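Structure record follows, encoded as structure tokens.
Computed from a predicted model, the values in this text were never measured in an experiment. Residue numbers start from 1 in every chain, and the chains themselves are labelled A, B, ... in the order their sequence lines are given, proteins ahead of strands.
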Number of protein chains: 2
Amino acid sequence: MDSAVAREKALDAAEELFYGRGIRSVGMDDIRGASGVSLKRLYQLFPAKEQLVVAYLERRDVRWRERLTASVERHEDPRQRIPAVFDWLAEWFAEDGFRGCAWINSYGELGATSEGVATQVRAHKEAFRSYLASLVSDAGLPGPLTGQLFLLAEGAMVTAGITGSTHPAAEARKAAELLISAQGH
Amino acid sequence: MDSAVAREKALDAAEELFYGRGIRSVGMDDIRGASGVSLKRLYQLFPAKEQLVVAYLERRDVRWRERLTASVERHEDPRQRIPAVFDWLAEWFAEDGFRGCAWINSYGELGATSEGVATQVRAHKEAFRSYLASLVSDAGLPGPLTGQLFLLAEGAMVTAGITGSTHPAAEARKAAELLISAQGH
DNA sequence: CAACAGGGAGAACGCTCGTTCTCCGTGTTG
DNA sequence: CAACACGGAGAACGAGCGTTCTCCCTGTTG
């Protein structure tokens, strides 16, 4: 088995297990069992568990933002792209096995003890925020709206994760529209 | 040492350590060391670690909501009470050792594996939401505003926790005011 | 064929941790 | 004083886990 393939299999298993059960409750042996990648190979690819965790967060970040932008950019009109963010959140919340935001969860679990994890989480949130900023700017809306939309999105993710409902996405979308029409020129 | 006193000391230590470092990274022996309550006594008071965790979240919930309401209710005018929620969040975020919302963090860490913790978290968030609902209703504002304010507050807590800044509270307050004037009659 | 590099299975190691147990000292009660 | 309940200190136990090591098989190279 190719080294790149083993790496992907390991990350697939890591993503499913870490996201579904939390990071500390998943052992390296669980990763081996779920991925079929031997411990020896796992430790060649990721010399310590923390590096596997960071790699999991990194790959998920890339994919998550790709999915978001692909969905949002189906709309040509920059004014429609902001509500589309919340529509995509609703789709995400409805997925099987949704358990909240992987980065918020990881931060709650390891933010205080793992610098690598904390850094990944901050980078992901910063990237999301700056994507929102670009949407706000492209729509000709005032910059301070960005932070407000960001808070609504974060609140929706947390609340959907805790309650298991998709409704926060619609609530946040509605609030976003009101904020836009209150502040758009 | 009185049993009630030992219980409070144990909970004091639990609160400081669990909140500051995460729950799984704190051992019962750490609690003993920080509280001065022997292991024997700890296990008399809380037959398993999970029960100590739940008791920590319960006591913190009561105190957190007391502090919030005490601060909010210094304002007589029901219209001023909603912004006051966000002002109090700003004070909370500025406290030494602030590391985000204890319930969101606990949920990220243990929500998937501990039913007791998940239940506590949902109860706390439900209580907070229904307090907001009462403020909205007392101010004569439309019910759907509640969910929007709730999302702003949750987003602010998460973001303040991750970034270490108090600014999300002010952003959320500003957004809340705009939503109120957009929807107030 | 001979030598060897690579990798798999899984045992082993060392540490942490939740929980329980042992031993001992102290204070109280009759 | 005698008997005993209570609680503290900390050892002990058993499980889980991150990480490494051993042993063996297989395929490749000269």
Rounding to a whole Å, what distance do you find between [X]:[atom1] and [N]:[atom2]?
{"X": "Q44(B)", "N": "dT19(C)", "atom1": "CD", "atom2": "P", "result": "15 Å"}
{"X": "I31(A)", "N": "dG18(D)", "atom1": "CD1", "atom2": "P", "result": "9 Å"}
{"X": "D2(B)", "N": "dC6(D)", "atom1": "CG", "atom2": "C1'", "result": "14 Å"}
{"X": "L42(B)", "N": "dC17(C)", "atom1": "CG", "atom2": "C1'", "result": "14 Å"}
{"X": "K9(B)", "N": "dG8(D)", "atom1": "NZ", "atom2": "P", "result": "10 Å"}
{"X": "R24(B)", "N": "dG16(D)", "atom1": "CZ", "atom2": "C1'", "result": "10 Å"}
{"X": "R32(A)", "N": "dG16(D)", "atom1": "CZ", "atom2": "P", "result": "15 Å"}
{"X": "D30(A)", "N": "dA15(D)", "atom1": "CG", "atom2": "P", "result": "17 Å"}

Checklist line | Of residues 48-55 of chain A, the positions that come close to DNA chain C - non-hydrogen atoms, cut-off under 4.0 Å | finding: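 Under 4.0 Å from DNA chain C: no residue of residues 48-55 of chain A.
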Margin query: Using heavy-atom distances to pick each residue's nearest nucleotide on DNA chain D, tell me which of S38(B) and P47(A) is more 5'.
Written below: S38(B)
Can a salt bridge be assigned to the pair [X] and [Y] using a cut-off of 4.0 Å between side-chain N and carboxylate O?
{"X": "R59(A)", "Y": "E8(A)", "value": "yes"}
{"X": "R65(B)", "Y": "D61(B)", "value": "yes"}
{"X": "E154(B)", "Y": "K125(B)", "value": "yes"}
{"X": "R122(A)", "Y": "E115(A)", "value": "yes"}

Margin query: With nearest nucleotide decided by heavy atoms, which residue, K40(B) or F46(B), maps closer to the 5′ end of DNA chain C?
Written below: F46(B)
Proximity to the side chain of [X] - top-ranked nucleotide from [options]:
{"X": "Y43(A)", "options": "dT19(D), dT19(C), dG7(D)", "answer": "dT19(D)"}
{"X": "M28(B)", "options": "dG18(D), dG7(D), dG18(C)", "answer": "dG18(C)"}
{"X": "L39(B)", "options": "dA11(D), dT20(D), dG8(C)", "answer": "dA11(D)"}

Notebook entry, point to check: Relative to each other, are the rings of F150(A) and F128(A) parallel, tilted or perpendicular (30° and 60° limits)?
Noted result: tilted
Check: Would R60(A) count as a cation-pi partner of Y19(A), with NZ or CZ less than 6.0 Å from the six-membered ring centre and within 45° of the ring normal?
Finding: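 Yes, R60(A) and Y19(A) form such a contact.
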Check: Are the side chain of S71(A) and the backbone N or O of L68(A) linked by a donor-acceptor pair below 3.5 Å?
Finding: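 Side chain of S71(A) to backbone of L68(A): no pair is present.
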